[in-house]
Amino acid sequence: GGGGVFGEEKERFPPATTEEDTFVDILSNRKIYHLRAVIREFEKITGKRIIEAIDELSSGSTQTFLKAIVIILQNRASYFAEELYKSMKDWGTDDSKLIRIIVSRSEVDMEDIRRAFMLKY
């Protein structure tokens, strides 16, 4: 067996593949229900939150991408509420980000996002 937290998942990769590459592959190529199960199992086996592991194993845009996936899986409305807040805080507004979120979520889960926003901010 491949050993480690990822077990058989890691066996599909050549030996030079990093843990970060394994995280990227799993988090970007699995169904939501599978990802939730993998995250629960990872946290159970390692005793560490997956966000902490991502912080330790990656950086830059890859880290941002991986953390966004995990946060969305845990609470989609809260994630978008935070993104809306960030698009409007400080001086000026990130209009393109604000519009993109509102348009893309308007018919999907905007009411849930509104409630999450009101709770957080």
Side-chain angles (χ1 to χ4, degrees):
V5 173
F6 293 110
E8 293 177 11
E9 297 284 352
K10 183 115 178 165
E11 289 179 4
R12 296 185 308 115
F13 293 94
T17 300
T18 66
E19 289 280 324
E20 180 183 56
D21 293 336
T22 304
F23 268 88
V24 170
D25 181 63
I26 292 170
L27 292 175
S28 61
N29 291 308
R30 302 297 188 276
K31 302 275 188 213
I32 291 172
Y33 66 88
H34 185 201
L35 287 175
R36 288 184 176 133
V38 167
I39 290 169
R40 275 193 309 274
E41 192 64 19
F42 175 90
E43 291 178 347
K44 186 171 89 176
I45 290 170
T46 65
K48 182 186 300 188
R49 295 193 63 222
I50 195 158
I51 292 289
E52 295 168 14
I54 290 169
D55 284 340
E56 292 171 7
L57 293 171
S58 62
S59 62
S61 59
T62 301
Q63 183 182 67
T64 302
F65 161 75
L66 294 173
K67 288 172 77 170
I69 290 172
V70 171
I71 292 167
I72 287 170
L73 284 169
Q74 293 170 341
N75 189 336
R76 180 184 313 249
S78 181
Y79 170 80
F80 284 109
E82 184 173 338
E83 291 301 304
L84 281 173
Y85 175 77
K86 289 192 288 190
S87 76
M88 296 182 286
K89 73 175 191 160
D90 299 326
W91 293 97
T93 300
D94 183 344
D95 291 337
S96 63
K97 184 175 191 176
L98 179 64
I99 291 167
R100 185 175 64 247
I101 293 169
I102 291 173
V103 169
S104 70
R105 309 312 304 172
S106 64
E107 293 184 23
V108 182
D109 53 5
M110 187 55 82
E111 185 59 30
D112 294 335
I113 295 167
R114 185 189 70 77
R115 280 192 294 272
F117 188 93
M118 297 303 286
L119 285 171
K120 290 177 89 166
Y121 308 105

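FYI, side chains are in, hydrogens and waters are out, and symmetry mates aren't considered; it's all heavy atoms of this structure.
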Applying side chain to side chain contact (heavy atoms under 4.5 Å, CB included), run through I50 and L66 and close with a yes or a no. CA-CA 10 Å; I50 195 158; L66 294 173; over 6 Å; no
How far does CD1 of I113 sit from CG of L84, to the nearest 0.5 angstrom? 6.5 Å
Would you give the length of the straight line joining atom CD of Q74 to atom CD1 of I51, rounded to the nearest 0.5 angstrom? 6.0 Å
For M118 and R115, run side chain to side chain contact (heavy atoms under 4.5 Å, CB included): C-alpha distance rounded to whole Å, both residues' side-chain angles, the deciding distance at 0.1 Å, then the answer. CA-CA 5 Å; M118 297 303 286; R115 280 192 294 272; 5.8 Å; no
Test of understanding: clusters of I, L, V, M, F, W, Y form through side-chain heavy atoms closer than 4.5 Å, transitively. Do I54 and I32 belong to the same one? yes
Nearest heavy-atom contact between E43 and R49 is OE2-CA, 3.5 Å
G60 backbone acceptor or donor facing T64 side chain under 3.5 Å: yes
Let's go through E56 and E19 carefully: what are the C-alpha distance in whole Å and the side-chain angles of both, what is the deciding distance for side chain to side chain contact (heavy atoms under 4.5 Å, CB included) to 0.1 Å, and is it a yes or a no? CA-CA 10 Å; E56 292 171 7; E19 289 280 324; over 6 Å; no
Taking atom OH of Y79 and atom CD1 of I72, what is their separation to the nearest 0.5 Å? 4.5 Å
What are the two closest non-hydrogen atoms of E20 and S58, and how far apart are they? OE2-CB, 2.8 Å
Taken to the nearest 0.5 Å, the spacing of R100 CZ from D95 CG works out to 11.5 Å
For R36 versus L73, what's the shortest heavy-atom pair and its separation? NH2-O, 3.2 Å
Given the rule in the side chain to side chain contact (heavy atoms under 4.5 Å, CB included) test, do V38 and R30 qualify, once you have shown the distances and angles that lead to the verdict? CA-CA 10 Å; V38 167; R30 302 297 188 276; 5.8 Å; no
So F117 and Y85, would you call those rings parallel, tilted or perpendicular, with 30° and 60° as cut-offs? tilted
On a heavy-atom basis, which atom in I102 and which in M110 lie closest, and how many Å separate them? CA-CE, 3.5 Å
Rounded distance [0.5 Å steps], CG in L35 versus CZ in R40: 11.0 Å
For residues A53 and F23, report the shortest heavy-atom separation together with the two atoms involved. CB-CZ, 4.0 Å
Atom CD1 in I69, atom CD1 in I26: separation rounded to 0.5 Å? 11.5 Å
Would you say I101 and I99 are hydrophobically clustered, going by side-chain heavy atoms of ILVMFWY under 4.5 Å? no
